[in-house]
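Because the structure is predicted, anything quoted here is derived from the model rather than measured. These numbers come from the heavy atoms of this one structure, side chains and all, not from hydrogens, waters or symmetry mates.
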Amino acid sequence: MKTAVVTDSTAYITKEVRDKFNIHMIPLSVIFGNESYQEEVEITAESFYEEVKHKELPTTSQPSVGEFVSLFEKLSQDYDAVISIHLSSGISGTFQGAVSAGDMVEGIEVYPFDSEISCMVQGFYVLKAAEMAAEGKSPEAIMAKMAEMKKSIRAYFMADDLSHLQRGGRLTSAQAILGSLLQVKPVLHFENKKIVPFEKIRTRKKAMKRIVDLLGEDAKGGEQYLASIIHANREEDAKKWKAEMEELYPNVEFGISYFGPVIGTHLGEGSMGLGWVKK
């Protein structure tokens, strides 16, 4: 059985990696005024962070069901099944779009998967699914593996400015006001598919240290982990953080990824995150 792997742009898997592992991507968009741009296709993370310095913060939009239907129909010519892995259904309707499209297409079996998270942590699932699909594993085996991964996946992040999350409806007004008044840099995470504060911490430095300590709680047993540092236009900070953590945790393989336009709209420039999964 030949299985295709689809994800959306918020996994922020580079085009080189997508091409190498035969991963199909459906983009979300950012909208500046009347202009809509598909992230990872028509606008890069770098150009996005430059644009928002001069323009109003954009809004974001998910792919239409029709876009999913077109992609699935195209894939049906060469594949028997498709695993479609998407950002948390608690913050976007993208996953539901894949579910709806899967019910509408014929000639291919669609297996939608709600990562309940986003960015390169969502990418962990995608890369594993692509690896297993290339080995000829069944869709059921791939879905079972991803369900198992979900038990050890963790991700924590810190937003420099909570107003973006609050404005986009991803965090309540009360939480945003409290954070800005006290100059709090809360550590955030996904819980029940939504973004919620994990702990309130006073400074950026302490928030980042707390995230490192949370990784340490899992990694101290010596088991092998895969981790990704995720940054919003702070590549040098990410490289420095990576070097520090590699010294602390030799049993963890670290990579660097980024918050692209859609997620960057909600988190804001300067945000930092760390996600990991047991190998």
Side-chain angles (χ1 to χ4, degrees), residues 1-30 36-49 62-64 66-87 92 94-95 97-98 101-102 105 107-113 115 117-139 141-143 145-146 149 226-231 233 235 238-239 242 253-264 275 277 279:
M1 194 173 192
K2 210 171 167 205
T3 303
V5 174
V6 167
T7 192
D8 58 73
S9 54
T10 68
Y12 302 120
I13 297 171
T14 64
K15 187 173 189 311
E16 293 75 22
V17 173
R18 293 198 310 267
D19 289 347
K20 182 180 176 183
F21 295 104
N22 201 23
I23 295 160
H24 305 269
M25 187 271 284
I26 194 156
L28 279 76
S29 299
V30 286
S36 178
Y37 302 91
Q38 293 183 325
E39 69 168 359
E40 304 286 278
V41 178
E42 298 167 333
I43 188 169
T44 64
E46 291 77 12
S47 57
F48 164 77
Y49 288 112
Q62 66 205 42
S64 67
E67 288 171 85
F68 275 109
V69 169
S70 296
L71 177 58
F72 293 161
E73 284 178 343
K74 185 179 162 198
L75 292 172
S76 72
Q77 295 165 25
D78 299 303
Y79 295 91
D80 308 300
V82 56
I83 307 274
S84 203
I85 302 162
H86 300 291
L87 78 162
S92 170
T94 304
F95 167 75
V105 294
I108 191 164
E109 195 67 38
V110 178
Y111 293 79
F113 182 80
S115 73
I117 210 150
S118 187
C119 300
M120 186 41 87
V121 189
Q122 171 186 334
F124 291 158
Y125 292 114
V126 180
L127 294 168
K128 177 54 73 174
E131 177 193 310
M132 292 179 72
E135 292 167 354
K137 297 288 197 295
S138 71
I142 297 170
M143 292 292 280
K145 176 62 181 176
M146 292 193 297
M149 287 171 69
L226 179 65
S228 182
I229 295 158
I230 309 167
H231 69 92
N233 209 29
E235 191 171 7
K239 286 177 180 172
K242 179 174 182 274
E253 181 189 329
F254 291 94
I256 294 176
S257 186
Y258 54 92
F259 294 112
V262 166
I263 302 299
V277 66
K279 276 190 179 179

Output the distance between atom [atom1] ([X]) and atom [atom2] ([Y]), rounded to the nearest 0.5 Å.
X      : Y      : atom1 : atom2 : answer
Tyr111 : Ser138 : OH    : OG    : 7.5 Å
Ile256 : Ile229 : CD1   : CD1   : 5.0 Å
Ser115 : Met149 : OG    : CE    : 10.5 Å
Ile85  : Phe95  : CD1   : CZ    : 11.0 Å
Glu235 : Lys239 : CD    : NZ    : 4.5 Å

Partners passing side-chain hydrogen bond (donor to acceptor under 3.5 Å, both in side chains) against [X] (at least two apart in sequence or in another chain):
X     : result
Thr94 : Ser92
Ser70 : none
Ser64 : Glu67

Those residues at least two apart in sequence (or on a different chain) that pass side-chain contact (heavy atoms from CB on, under 4.5 Å) with Val17 are Ile13, Thr14, Phe21, Leu127
By side-chain contact (heavy atoms from CB on, under 4.5 Å), Ala4 pairs with (sequence neighbours left out) His24, Leu75, Tyr79, Val82
Between [X] and [Y], which heavy-atom pair has the shortest distance, and what is it?
X     : Y      : answer
Leu87 : Ser118 : CB-OG, 3.9 Å
Pro27 : Pro63  : O-CG, 3.5 Å
Thr7  : Ile23  : CG2-CG2, 4.1 Å
Val5  : Ala133 : CG2-CB, 4.1 Å
Ala81 : Pro139 : CB-CG, 3.7 Å
Ala98 : Ser84  : CB-OG, 3.9 Å

Test of understanding: with salt bridge (charged side-chain N to carboxylate O under 4.0 Å, His left out), list the residues that count as partners of [X], not counting sequence neighbours.
X      : value
Asp19  : Lys15
Glu135 : Lys137
Glu253 : Lys279
Glu131 : Lys128

Quick note, salt bridge (charged side-chain N to carboxylate O under 4.0 Å, His left out) partners involving residues 36-46, not counting sequence neighbours, are none
*asked:* I want to check something: taking the side chain as every heavy atom from C-beta on, are Val121 and Ile230 in contact at a cut-off of under 4.5 Å?
replied: yes
| request: Taking Asp80 for its side chain and Lys2 for its backbone only, find out whether a donor-acceptor pair lies under 3.5 Å. | output: yes
Problem set entry | Ser228 (side chain) donor-acceptor with Gly275 (main chain) under 3.5 angstrom | no
So Met132 and Ile83, side chain to side chain contact (heavy atoms under 4.5 Å, CB included) or not? Walk me through it.
CA-CA 11 Å; Met132 292 179 72; Ile83 307 274; over 6 Å; no
Taken in chain and number order and not counting sequence neighbours, the residues that satisfy ring-ring contact (aromatic ring centres under 6.0 Å, His included) with Phe68 are Phe72, His86
Residues passing the ring-ring contact (aromatic ring centres under 6.0 Å, His included) test with Tyr258, sequence neighbours excluded, are Tyr12
query: Side chains of Thr10 and Gln122: donor-acceptor distance under 3.5 Å anywhere?
result: yes
